[in-house]
Amino acid sequence: MKAILTILVPALILALLFKYAGIWGGIIGFAVYLLFILIIKMPDYLMISASKMYRQNPERAKEALNRMEKALRTKRLRAEYVQYYGFMALKAGDIARAERVLTQGEKMKMSEETRCRAAVNRALLAWQKGQKEEAIHILEEQLKLGEDKAVYGTLGQFLLQNGQLQHALELNKKAYAFDKYDEAITDNLALTYRLTGDIDSSANLYKELTDKRLGVPIPYYHYGETLYVMGKKEEAIEYMEKALTYTFSHLAVVSREEIQRRIEEIKAEIAETEKN
């Protein structure tokens with residue numbers, strides 16, 4: 001009903017203007033209406049254009065973040081967009097900006113879905129600041145409010161990085177049962193299987209995951225490490241090199257340089273074996 005009224009009321013006003021104020025009165029009224037809409041929708045436009053800019057060219061991350069900052073300064077940016085801005089700042093490695101934006105966003109009224117995103121962002125921020133136990137605690141508390149794939153994916157990754165393998169195994173199995181199609185969740189479980197010695201299960205999951213075009217590089221690298229453990233060093237290099245064709249964000253658990261060094265190590269091992 002509200003959406004219908006937002007269309008009908010302006011249309012009725014414009015029709016009355018054209019009828020009683022003449023053509024020029026109607027044209028002026030229409031121009032004023034368009035200007036009003038432009039002003040109201042400007043924050044949304046800035047966020048959408050900034051997101052598109054980053055997707056098309058991640059090297060323009062700083063420019064995209066500055067455009068998001070303009071949207072924030074209008075003081076009309078919706079809560080979900082504020083959280084997205086904070087997340088993008090984290091991806092770009094601008095921790096100070098992310099903390100400022102996310103702190104401001106915490107004061108806003110949010111839907112349950114946005115509040116869940118906010119919890120994930122808070123945890124990511126805490127982790128980036130070295131507050132690992134706090135980051136895990138935030139997500140465990142959020143998970144008590146209901147299952148969510150972003151919470152599962154982030155928490156599962158944190159537990160693995162923190163060396164809590166048994167806890168990670170239990171959680172990542174639950175996460176996979178909740179959403180077996182999510183890339184991060186599947187990667188987490190497959191990695192957990194490898195780290196706990198179940199190489200076959202790890203390889204099977206990674207094979208299934210990497211048979212499709214992924215949106216992130218890290219699963220290819222992790223599959224490469226699983227193949228390496230299986231003695232398939234050439235295949236391991238192939239998948240690790242595939243990871244290098246992607247853009248790496250500051251939140252990636254492994255850097256491009258680390259993967260490049262790992263590839264060189266494996267190549268050296270192969271060369272040494274062939275030499276002997």
Side-chain angles (χ1 to χ4, degrees), residues 47 51 54 61 65 68 72 77-192 195 215-219 221-222 247-255:
M47 291 298 297
S51 178
Y54 179 82
L65 290 178
M68 292 180 186
L72 183 66
L77 196 60
R78 300 201 305 267
E80 58 267 33
Y81 273 146
V82 173
Q83 291 301 319
Y84 178 70
Y85 177 18
F87 175 70
M88 293 304 292
L90 286 169
K91 286 187 68 174
D94 194 338
I95 306 305
R97 186 196 295 247
E99 185 165 20
R100 171 176 59 81
V101 172
L102 294 175
T103 299
Q104 183 173 336
E106 285 294 317
K107 303 171 186 176
M108 302 177 70
K109 184 177 180 180
M110 300 181 231
S111 66
E112 288 302 313
E113 181 179 357
T114 304
R115 192 164 295 283
C116 184
R117 299 284 85 74
V120 174
N121 284 339
R122 281 202 317 277
L124 287 168
L125 177 62
W127 189 270
Q128 291 298 311
K129 294 171 65 178
Q131 301 166 357
K132 295 184 177 182
E133 295 303 325
E134 173 64 15
I136 291 171
H137 175 72
I138 290 170
L139 295 177
E140 287 179 332
E141 289 301 304
Q142 183 61 40
L143 203 54
K144 292 176 182 178
L145 302 178
E147 292 182 296
D148 178 85
K149 65 180 183 180
V151 176
Y152 267 133
T154 309
L155 179 56
Q157 179 191 117
F158 286 173
L159 292 174
L160 286 169
Q161 290 184 68
N162 210 36
Q164 298 173 241
L165 296 185
Q166 191 56 44
H167 189 176
L169 182 61
E170 295 170 3
L171 180 111
N172 290 328
K173 282 183 176 180
K174 287 182 181 179
Y176 188 74
F178 176 71
D179 189 346
K180 66 179 182 179
Y181 301 106
D182 184 80
E183 292 178 7
I185 286 173
T186 304
D187 181 29
N188 285 342
L189 181 57
L191 177 57
T192 309
L195 294 177
V216 290
I218 303 305
Y221 164 71
H222 284 156
T247 299
F248 284 68
S249 84
H250 185 76
L251 296 176
V253 296
V254 182
S255 70

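- Evaluation of the side-chain contact (heavy atoms from CB on, under 4.5 Å) rule for Ala98 yields Ala89, Leu90 as partners, not counting sequence neighbours.
- Heavy-atom minimum distance, Ile218 versus Ala252: CD1-CB, 4.1 Å.
- One finds the CG atom of Leu191 at 9.5 Å from the OH atom of Tyr221 (value rounded to the nearest 0.5 Å).
- The structure places CG of Leu102 at 10.0 Å from CD1 of Ile95, a figure rounded to the nearest 0.5 Å.
- Of all the heavy atoms in Ala92 and Leu65, the pair that sits closest is CB-CD1, 3.8 Å.
- Interatomic distance, Ile138 CD1 to Leu143 CG, rounded to the nearest 0.5 Å: 13.5 Å.
- Partners of Arg100 by side-chain contact (heavy atoms from CB on, under 4.5 Å), not counting sequence neighbours, listed by chain and number: Glu69, Leu72, Tyr85, Arg97.
- Shown here for Glu80 and Arg78, the closest heavy-atom pair between the two residues is OE2-NE, 2.8 Å.
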Show me the donor-acceptor pairs within less than 3.5 Å that the side chains of residues 164-177 make with the rest of the protein, sequence neighbours left out.
residue	atom	partner	partner atom	Å
Gln164	OE1	Asn162	ND2	2.7
Asn172	ND2	Ala168	O	3.0
Asn172	ND2	Thr192	OG1	2.9

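- Looking at heavy atoms from C-beta onward, His222 lies in side-chain contact with Val253 at the 4.5 angstrom threshold.
- With rounding to the nearest 0.5 angstrom, the OG1 atom of Thr186 is 7.5 Å from the CG atom of Asp179.
- Under the rule for a side-chain contact (heavy atoms from CB on, under 4.5 Å), the partners of Thr247 that lie at least two apart in sequence or sit in another chain are Pro58.
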Side-chain donor/acceptor pairs under 3.5 Å, residues 118-131, sequence neighbours excluded:
residue	atom	partner	partner atom	Å
Asn121	ND2	Gln83	O	3.1
Asn121	ND2	Gln83	OE1	3.0
Arg122	NH1	Glu106	OE2	3.3
Gln128	OE1	His250	NE2	3.1
Lys129	NZ	Glu99	OE2	2.8

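- What you find for Met110 and Ala79 is that their closest heavy atoms are CG-CB, 3.9 Å.
- Across every non-hydrogen atom of Ser51 and Tyr84, the tightest pair is OG-OH, 2.8 Å.
- Under the side chain to side chain donor-acceptor pair (under 3.5 Å) criterion, the residue pairs touching residues 137-160 are Arg117-Asp148, Glu141-Lys144, Glu147-Tyr152, Gln157-Gln161, with sequence neighbours excluded.
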